[in-house]
Amino acid sequence: MRYFICCLCIVWSLFGQSQSDAPQKHSLTIKKSHTVYPKSYVNQFDFELKHVEVPSPGGESLKSHIAKLKKDVIPNIYPRVRTGSIKKTNTLEANPPILGSSFYMARPYVPVLDSSYAVTGGTPLDNTLAISNGGFLMTSINSKIYAHDIVADTAMLNVGGSENTIGFSFFASQGNVSTDSPFDPKLLYDPNRDRFVMVFVSGRDETNSKLVLGFSSSNNPADPWHIYELPGN
């Protein structure tokens with residue numbers, strides 16, 4: 001009996017502690033910020049400057065001296081020595097992978113150059129994609145949005161611009177939502193409502209972090225979007 005009472009006290013104390021540590025519920029009202037009209041987007045020249053390789057050191061600096069040693073002197077003093085050959089035991093080989101051409105975000109075709117160039121974004125791209133039952137496709141990378149009519153095989157946003165894309169900041173800055181280096185997009189398609197859903201993050205710390213959430217007003221991505229702002233702290 002004493003043992004049972006002791007166990008009951010322990011259980012009751014743990015239950016009381018779990019009750020006190022239970023998460024608290026708070027009401028949060030999210031109001032619509034504004035409506036965005038993609039067809040009103042003004043074509044802009046969109047350029048990007050990116051360093052893809054660190055410049056080789058030159059001159060009489062210490063880094064140049066070390067680089068020269070690694071390239072010209074060290075290999076002669078410590079040459080690579082092959083210790084043995086690797087014997088191949090598995091004779092079964094898979095077919096080599098084939099790199100094919102598939103759908104990708106590209107700038108409009110340039111007849112003079114007979115080429116089109118892929119649309120680039122931030123690093124990493126964090127690409128996302130959604131497609132509707134009616135054949136409208138949306139895809140996004142950091143930090144641009146692209147829409148394509150699969151049936152007509154045509155771009156649907158910023159038609160005739162330097163890129164057939166629209167930046168995140170356009171969707172947010174048309175209302176009271178300010179963006180700070182927007183990133184990490186996600187796109188969803190709701191088959192029941194026949195609508196697209198878009199969300200991306202803005203801000204880098206607790207003072208300006210937020211989620212920008214958008215719902216398409218129809219199944220056409222070029223139609224107006226309803227934008228909401230959620231606190232991200």
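The figures that follow rest on heavy atoms only: side chains count, while hydrogens, waters and symmetry mates do not. Just so we're clear, the structure is a prediction, and the values are computed from it rather than from any experiment.
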Residues at least two apart in sequence or cross-chain that pass side-chain contact (heavy atoms from CB on, under 4.5 Å) with Ser209, listed by chain then number, are none
Residue pair Met138, Ile131: steps toward the side chain to side chain contact (heavy atoms under 4.5 Å, CB included) verdict: CA-CA 6 Å; Met138 290 196 69; Ile131 185 170; over 6 Å; no
Rounding to 0.5 Å, atoms CD (Glu229) and OG (Ser202) come to a distance of 8.0 Å
Salt bridge (charged side-chain N to carboxylate O under 4.0 Å, His left out) pairs touching residues 212-227, sequence neighbours excluded, are Lys39-Asp223
side-chain hydrogen bond (donor to acceptor under 3.5 Å, both in side chains) filter on Ser217, not counting sequence neighbours, yields none
Angle between ring planes, Phe168 versus Phe200, binned at 30° and 60°: parallel, tilted or perpendicular? parallel
Residue pair Pro231 / Leu211, side-chain heavy-atom distance below 4.5 Å: no
CZ of Phe170 to CH2 of Trp225, rounded to nearest 0.5 Å, is 12.5 Å
For Asp184, the salt bridge (charged side-chain N to carboxylate O under 4.0 Å, His left out) test, sequence neighbours excluded, returns none
dist Thr139:OG1 -> Leu129:CG (nearest 0.5 Å) comes out at 4.5 Å
Indicate whether any N or O donor in one side chain lies under 3.5 Å from an N or O acceptor in the other, for His148 and Asn164. no
When rounded to the nearest 0.5 Å, the distance separating CG of Asn219 from CG of Asp190 is 12.0 Å
With sequence neighbours left out, the residues meeting ring pair (Phe, Tyr, Trp, His ring centres under 6.0 Å) with Phe215 are Tyr228
Contacts of Asn76 meeting side-chain hydrogen bond (donor to acceptor under 3.5 Å, both in side chains) (sequence neighbours excluded), chain-then-number -> none
Residues passing the ring pair (Phe, Tyr, Trp, His ring centres under 6.0 Å) test with Phe136, sequence neighbours excluded, are none
Nearest heavy-atom contact between Ala130 and Leu188 is CB-C, 3.9 Å
Heavy-atom closest pair (Phe196 atom, Ser216 atom, distance to 0.1 Å) is N-OG, 2.7 Å
| Are any non-hydrogen side-chain atoms of Asp126 and Pro185 less than 4.5 angstrom apart? | yes
For Lys32, the salt bridge (charged side-chain N to carboxylate O under 4.0 Å, His left out) test, sequence neighbours excluded, returns none
Heavy-atom closest pair (Pro38 atom, Leu157 atom, distance to 0.1 Å) is CB-CD2, 4.0 Å
With sequence neighbours left out, the residues meeting side-chain contact (heavy atoms from CB on, under 4.5 Å) with Phe183 are Asn142, Val201, Arg204
Correct closest heavy-atom pair for Leu187 and Thr128 would be N-OG1, 3.2 Å
Shortest non-hydrogen pair, Ile166 vs Phe171, comes out as CG2-CE1, 3.6 Å
Taken in chain and number order and not counting sequence neighbours, the residues that satisfy salt bridge (charged side-chain N to carboxylate O under 4.0 Å, His left out) with Lys68 are Asp72
inquiry  = Under the criterion side chain to side chain contact (heavy atoms under 4.5 Å, CB included), I'd like the reasoning laid out for Val212 against Ile227: C-alpha separation, chi angles, the key distance, then a yes or no.
reply    = CA-CA 7 Å; Val212 179; Ile227 307 298; 3.8 Å; yes
Closest heavy-atom pair, Arg195 versus Tyr189, reported as atoms and distance to 0.1 Å, is O-CD1, 3.4 Å
Sorted by chain and number, sequence neighbours left out, side-chain contact (heavy atoms from CB on, under 4.5 Å) with Pro79 holds for none
Contacts of Val151 meeting side-chain contact (heavy atoms from CB on, under 4.5 Å) (sequence neighbours excluded), chain-then-number -> Asp149
Self-check item: Cluster link Ile66 to Val73, ILVMFWY, side chain under 4.5 Å
Solution: no
